Q: 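Provided herewith is a single structure, encoded as structure tokens, for subsequent inquiry.
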Amino acid sequence: MLKFNSDRIEGIFAGMKDARIAVVGDLMLDRYLWGEVDRMSPEAPVPIVHMRGESTSMGGAANVAANVGSLGAQVQLFGVIGKDAEGEHLRELINNNHFGDAGVVIDNSRPTIVKTRIIASGQHVVRIDREVTDELEQTVVRKLLVRFRAALGGMDAVILEDYNKGVLTPTFIQEIITSCRDAHVPVGVDPKQVNFWAYHGATLFKPNLRELQAALGRIIESDDELSEAGSEVMKRLKLNHLLITRGKQGMALFSDDEVHLLQTRAHRVHDVSGAGDTVIATIMTALAGGADILEAASLANRAASLVIAEVGAVPVDPQDLLRTCQAEA
């Protein structure tokens with residue numbers, strides 16, 4: 001594991017505060033119903049949750065933006081919401097966090113995506129999703145693309161956050177990557193299976209091991225098999241960097257014909273939801289802040305270990321992250 005000296009880590013954190021990041025993808029509203037369980041229902045073999053409170057937060061690509069913003073960077077969001085109360089509430093959360101919302105488009109043909117999680121006695125009981133996952137109509141894609149290109153000149157990095165909800169269509173993906181390469185702006189991708197092979201030419205590609213295995217159609221068990229799989233993805237997509245997250249086994253970074261295996265830093269695992277969002281947000285913000293790829297990946301590895309110790313998808317606490325790095329310096 002790479003260790004930072006105090007001056008270097010403080011310099012990277014200072015650089016992140018000057019960074020300007022665009023986040024493009026599936027915007028969601030996360031709703032949490034908090035309660036307690038003390039008995040089972042007599043009507044069915046399910047627990048009765050006594051609701052004690054309710055909260056909402058930004059989800060999906062908006063949670064990636066929350067992680068970027070927590071690191072001090074400026075954020076511009078691009079995606080769609082529905083013409084509904086949930087969309088208005090999500091935009092309010094975006095504005096309250098001082099993120100740019102000029103790239104948030106209202107799509108009358110679909111509702112705002114809402115994921116409702118019931119948390120009882122600190123445990124995730126069930127999740128209820130309200131969504132439409134059809135690909136965006138071309139008129140909406142064109143509107144997003146015009147707004148994205150208008151803002152690109154002011155960006156230091158771009159993150160594409162794909163949840164298979166229809167925003168990142170193959171055509172839209174390639175238009176964004178081409179625009180970024182022409183503007184010499186690095187673009188990082190957090191993919192899902194449907195469009196896995198559509199991200200040709202990205203700067204950084206960050207699948208997890210399960211997504212990688214599904215895309216390649218084979219199980220990966222050994223380090224040799226992992227190295228072979230990573231090399232195949234690098235060549236097929238013509239990437240600069242590939243970061244594979246592996247759960248308890250940490251991460252594997254492919255860059256400059258080298259493979260770096262980063263061991264997990266997690267000491268306590270409570271909830272892994274949102275960990276991938278934290279990783280892509282941290283690594284791209286660190287790159288925009290002046291870190292090299294190994295430094296950025298090491299920082300992202302530490303950030304992930306912090307957020308999985310919390311309940312729900314929460315952004316990384318920058319002070320906790322800085323203290324973790326300084327303690328290991």
Side-chain angles (χ1 to χ4, degrees), residues 1-6 8-9 11-13 15-16 64 67-68 71 157 159 186 188-191 202-213 215-216 220-234 237 239-310 315-318 320-329:
M1 170 61 69
L2 175 70
K3 291 187 176 182
F4 298 94
N5 64 52
S6 295
R8 182 57 179 160
I9 190 61
I12 292 173
F13 269 72
M16 289 194 293
V64 174
N67 276 273
V68 172
L71 294 169
I159 297 172
V189 177
D190 193 359
T203 308
L204 172 82
F205 195 65
K206 187 214 73 64
N208 61 38
L209 183 60
R210 177 178 51 82
E211 292 161 347
L212 178 67
Q213 291 178 144
L216 294 175
I220 299 168
E221 296 180 332
S222 68
D223 286 348
D224 286 343
E225 290 172 341
L226 181 68
S227 180
E228 181 181 348
S231 297
E232 180 178 342
V233 174
M234 287 281 285
L237 290 179
L239 306 169
N240 295 88
H241 314 291
L242 171 67
L243 182 70
I244 302 168
T245 55
R246 307 166 67 201
K248 294 179 181 179
Q249 294 177 292
M251 304 176 180
L253 173 66
F254 292 74
S255 182
D256 296 327
D257 296 322
E258 292 187 65
V259 183
H260 303 273
L261 299 180
L262 310 179
Q263 299 303 311
T264 182
R265 311 297 295 176
H267 300 292
R268 180 167 64 97
V269 179
H270 200 133
D271 189 345
V272 298
S273 61
D277 297 350
T278 298
V279 170
I280 191 67
T282 304
I283 194 169
M284 293 307 296
T285 306
L287 285 174
D292 64 35
I293 187 61
L294 184 56
E295 290 173 329
S298 298
L299 198 61
N301 194 27
R302 289 172 168 88
S305 73
L306 293 174
V307 299
I308 64 175
E310 306 295 332
V316 62
D317 185 312
D320 285 348
L321 181 57
L322 180 59
R323 282 193 292 268
T324 297
C325 295
Q326 290 173 331
E328 299 173 357

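Not measured: the values here are computed from a predicted model.
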Q: What I'd like to find out is whether the side chain of L243 reaches to under 4.5 Å of the side chain of S255, using heavy atoms alone.
A: no
Q: What's the spacing between L322 CG and F13 CZ if we round to 0.5 Å?
A: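 Separation between the atoms: 5.0 Å.
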Q: Quick one, L261 and L226 - any side-chain contact, counting heavy atoms below 4.5 Å?
A: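 SC-SC contact between L261 and L226 confirmed.
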Q: Got a donor-acceptor contact below 3.5 angstrom from the S231 side chain to the S227 backbone?
A: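 Flag set: sc S231 to bb S227 pair under 3.5 Å.
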Q: Please report the interatomic distance CD1(I12) to CG(L71), rounded to the nearest 0.5 Å.
A: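 So the CD1 of I12 and the CG of L71 are separated by 12.0 Å.
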Q: Looking at every non-hydrogen atom in both residues, tell me the closest pair between L262 and S298 and how far apart they are.
A: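 The answer is CD1-N, 4.1 Å.
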Q: Who are the salt bridge (Lys or Arg N to Asp or Glu O under 4.0 Å) partners of E225, not counting sequence neighbours?
A: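 Not a single residue meets the salt bridge (Lys or Arg N to Asp or Glu O under 4.0 Å) criterion with E225.
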Q: What pairs of residues pass the salt bridge (charged side-chain N to carboxylate O under 4.0 Å, His left out) test when at least one of them lies in residues 249-262, not counting sequence neighbours?
A: none
Q: Identify the two heavy atoms, one from A296 and one from A286, that lie closest to each other, and give their separation to 0.1 Å.
A: CB-CB, 3.8 Å
Q: Would you name the heavy atoms of A304 and T278 that are closest together and state the gap between them?
A: N-CG2, 4.2 Å
Q: Applying the side-chain contact (heavy atoms from CB on, under 4.5 Å) test to T245, which of L209, V279, N301 qualifies?
A: V279
Q: For A229, check side-chain contact (heavy atoms from CB on, under 4.5 Å) against everything at least two apart and list the hits.
A: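 Only L212, L216, R218, I220 meet the side-chain contact (heavy atoms from CB on, under 4.5 Å) criterion with A229.
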Q: Could you tell me which residues satisfy side chain to side chain donor-acceptor pair (under 3.5 Å) with T203, sequence neighbours excluded, listed by chain and number?
A: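 So T203 forms no side chain to side chain donor-acceptor pair (under 3.5 Å) with any residue.
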Q: What pairs with R8 under side chain to side chain donor-acceptor pair (under 3.5 Å), at least two apart in sequence or on another chain?
A: E295
Q: Side chains of L299 and M16, heavy atoms from C-beta outward: is any pair under 4.5 Å?
A: yes
Q: Show the nearest heavy-atom pair for residues L242 and M234, with the distance to one decimal.
A: CB-SD, 3.5 Å
Q: Among residues at least two apart in sequence or on other chains, which ones pass side-chain contact (heavy atoms from CB on, under 4.5 Å) with I280?
A: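 For I280, the residues satisfying side-chain contact (heavy atoms from CB on, under 4.5 Å) (neighbours in sequence not counted) are V64, I159, E161, D190, L204, K206, I283, M284.
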